[in-house]
Structure formats: structure tokens, C-alpha cells
Number of protein chains: 2
Amino acid sequence: MLQTGSSVSTRESIHSAAAQLFRSRGYSRTTVRQIAAEAGTDPALVIRHFKSKELLFLETMHLTLDDEPLLDVPLERLGERLAELLLDLGGSARGVFLALVHGSNEPHIHDRLRDTHEHLFVEPLRRRLSGPDAGIRARMAAAVAGGLLYALWVAGDQGLLRMDRAELVSRYGTLLQDVLTPRTS
Amino acid sequence: MLQTGSSVSTRESIHSAAAQLFRSRGYSRTTVRQIAAEAGTDPALVIRHFKSKELLFLETMHLTLDDEPLLDVPLERLGERLAELLLDLGGSARGVFLALVHGSNEPHIHDRLRDTHEHLFVEPLRRRLSGPDAGIRARMAAAVAGGLLYALWVAGDQGLLRMDRAELVSRYGTLLQDVLTPRTS
DNA sequence: GAAGTTCGGTCAACAATGTTGACTCCGACT
DNA sequence: AGTCGGAGTCAACATTGTTGACCGAACTTC
């Protein structure tokens, strides 16, 4: 194999520098030259390694959720557990989510956001539900979950942000629970 | 008065051209030169009239909601009415909402989105509610409402988009109603 | 060991972007 | 008549993503 020693390390330098910058500054506000500088290399090399800024973005911005907590909880506590999961989702997840939302003006990034929404929220919930409208309920719960992240992070609702976490978990938990397993009033 | 005849008309040409382009192509994908061409004028004039592309964006992208339908409906049908309102919100409102969401990487646009969320959803609902937790319920309902628009337009959930409108109104209506006026189970 | 090929790296350049400044022009007021 | 202010035009600037030309080193092949 031809020398890959140096290439791998610089490629990874670019990758991690890009991930950090995209998370903290978003897609449009981070420049290829910034990434190159942070990685200690040349802007041209960034493009050479990842073809384009957009592909680099797509390669670095992955949002995953450990869905074990959603699987091992009894069905009647699924809403509460999901609420906990969402409100504990801080740090890097926030940056990735916002970068995807903000960048989704770009078609490919929009596709990525759609996929993320699907297999981050819809699918795990769908697997826990049964009944003819299980799909619909899963999608609605996913929309409610996304709505929480939207209100907190995208819209920046100060009222919700300042709320006591326990109360928010409780209220949003029962709300999600009602969507997932409706009370047949 | 000094000649304002021509200036007003070109200024309005720029305004409407910008509004249309921002709505259909978003903030980052519409260029000042495109706006100028559409308005039949010069890129420099666009900046001269509106100081910057961002200020032009803020001046054109306003999202308003006719909240009368939320005021004249009995309280126990507020959720359903809100769901109808959200799902009828098509056309230009969709473009403005998406432009704000996508552009809110920019701090000033983020402020605008926060204000819009506040006085489009939170305030009208807050006014219809009473009780010690009225503010919280209004904010949560606003988050759910935003979540619907997020799932439909930002994430582009195909499952929800293909759903029967009447069923979506019914399901989301009762969901919102439960948030606004909780059943004390 | 010599030649050659392939890849990482550097540099300069390109087109397109938002924005600015210099300059012209024309209508309005003194 | 003259001057003043704002609208319009044009050329330029810095910055953006991206490309192509070159260089050097390491591995392969004879």
C-alpha cells in the first residue's frame, strides 16, 4: 500500500476539526479555510479528501441515539423515558441537530435530516408499539419530540429553557405517553 | 419633497423580489444579484436601500397569523381549531417559516424566529388560558404546534404528509386540546 | 540500483458572493 | 442660474468554495 500514514492522520485532523466547527458554528458560518487552519493543513487538501464542503459536512454530522433506554422500559413509562432522553440530549447532539436543521436548506442535508428524524425517533418508537395505528402514533410522538427540540433549541423558547427539568420531564413525559398509548377516554 | 417617485417603486420592486426569492429559495441560496436582476436594478442599489442582505431579509420575512379563529372558538375546541389553522397554513407561510428556520443560524434571524414563535403561538394561546400553569401550558402547546410544522416541513416526514387531513386535524386537535386543557385523569 | 508511478502536500488562480466607493444625472429648492 | 441631495451605474474589493499545476517522497517494477 502506498504511504497512508500521514494521509490518515491529516484526514482525521480535518474530520475532527470540521466536526467541531460545524457543531459550534453551523454549516454556512464555518469556512473551508477555517477547517484547514484548525487542522493545520491546506484548504485545497480539505476538498481533495472530502470532494466538497457539503460532503464533508454530511460525513461528519451524524446524530445517533442510544435507544436501549427506550427498549428496556415498560411500555407505560415509555413517554417519560423519552422525555428524559430528550432533555439529557445536550452538548454535541445539540450542535449536530442545529447544524442539520440550519443546513437543511441544502437538499442533501435535508435528506440527511429526514433520515435522522426517521431512524432516531420514528423507528425506535414504532418498534415498541402495536395496533393498526401504531405507525401514526409513532410519527406523532416523533413530531412531538422534535417539537420539544425545536422549541428549546431552534426557536429558543426562554420560558421552557428556564423551567425545572423535573417538571418538564413529567409534563412532557405524560404528553408523549398520551400520544404513544392514548387513554381511551 | 425630493423626488421619491422612482425610488419608492424600485425599493418596492426590490422588496417584493426579495420576498419571493427568500421564500422559495431560502436565505443562503438567494443572492443579492438575483434579487437585483429580478427587480430590474443594480446589486449596489439593493444594499443601498436596505443596508445589507440580512436586513433586507429581516424586513421582508414576516410571519403573521390571523388569530381571530383562535379567539372566537369555545375553549374546548381550541385544540382542534389550532390544528386546522396549522394544517391550512400553506403557500407563503411555509416559505417564510422555512426561511426563518434555515436562516436562524444568523443571530438576528434567530431572534426574529424566537419573536415569531412567541407572538405567533405562545401569546395567542396564553390569552385564552387561565390558572397558575397557564403560561406553561401555552408554551407546551406552542412547542407541539411548532413540532407539527417541524415534522411536516423541516424534517419532511412523508408519513405525516401523506396522511388524511381530517384525521390529522382530529388527532392533533385532541392532542393539542389535552395540552391546553388537560383531562384530570 | 534506476526508472516510473502514485499519492500527499503547497501554491496560485478561478468564478461567485456581499459590500463599498467614485462618479454621473436629474429633480427640487434658493 | 446655481447648488444640493438622492437615485442610479460601474468598477473594484475581500472572502467564499473549488480547481489545476507543480513538487516531493515512497513504493513498485525492471
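By convention in this document, chain letters (A, B, ...) are assigned in the order of the sequence lines, proteins followed by strands, and residues within each chain are numbered from 1. Only heavy atoms go into these numbers, but all of them, side chains included; no hydrogens, no water, no symmetry mates.
C/dT20 atom C1' lies 18 Å from atom CZ of B/Phe50, rounded to whole Å. Between the CG atom of A/Asp42 and the P atom of D/dG20 there is a distance of 16 Å, rounded to whole Å. For the pair B/Arg33 CZ and D/dC10 P, the interatomic distance rounds to 14 Å; values are reported in whole Å. Atom CD1 in A/Ile35 sits about 12 Å away from atom C1' in D/dT16, given to the nearest Å. Following rounding to the nearest Å, B/Ile47 (CD1) and D/dG8 (P) show an atom-to-atom distance of 15 Å. Going from atom CG of A/Leu45 over to atom P of C/dG9 covers 5 Å, rounded to whole Å. The CZ atom of A/Phe57 sits 13 Å away from the P atom of D/dG17 (whole-angstrom rounding). Between B/Tyr27 atom OH and C/dT17 atom P there is a gap of 14 Å when expressed in whole angstrom units.
Where A/Arg48 and A/Thr30 each meet DNA chain D at their nearest nucleotide, the meeting point lying more 5' is that of A/Thr30. Between A/Gln34 and A/Lys51, it is A/Gln34 whose nearest contact on DNA chain D lies nearer the 5' terminus.
Hydrophobic clustering places A/Leu161 together with B/Val144 (ILVMFWY residues linked when any side-chain heavy atoms are closer than 4.5 Å, directly or through intermediates).
Evaluation of the ring-ring contact (aromatic ring centres under 6.0 Å, His included) rule for B/Tyr172 yields no partner, not counting sequence neighbours.
Among residue pairs with one or both ends in residues 120-149 of chain A, those qualifying as ring-ring contact (aromatic ring centres under 6.0 Å, His included) are A/His117-A/Phe121; sequence neighbours excluded.
Comparing the local axis fitted to the first five base pairs of the helix from C/dG1-D/dC30 to C/dT30-D/dA1 with the one fitted to its last five gives a bend of 20°, rounded to 10°.
Under a cutoff of 6.0 Å and an axis angle of 45°, B/Lys53 and B/Phe22 do not form a cation-pi pair.
OP1 or OP2 of C/dG9 sits under 4.0 Å from a side-chain N or O of A/Thr10. OP1 or OP2 of C/dC7 has not a single side-chain nitrogen or oxygen of A/His49 nearer than 4.0 Å. Distances shorter than 4.0 Å separate none of the side-chain N or O atoms of A/Thr41 from OP1 or OP2 on C/dG9.
Panel note: side chain A/Gln34, backbone A/Leu21; no donor-acceptor pair is recorded below 3.5 Å. A donor-acceptor pair is defined here as one N or O able to donate and one able to accept, closer than 3.5 Å; such a pair exists between the side chain of B/His110 and the backbone of A/Val154.
Taking CG from A/Leu125 and CG from A/Asp67, the interatomic distance works out to 9.5 Å, rounded to the nearest 0.5 Å.
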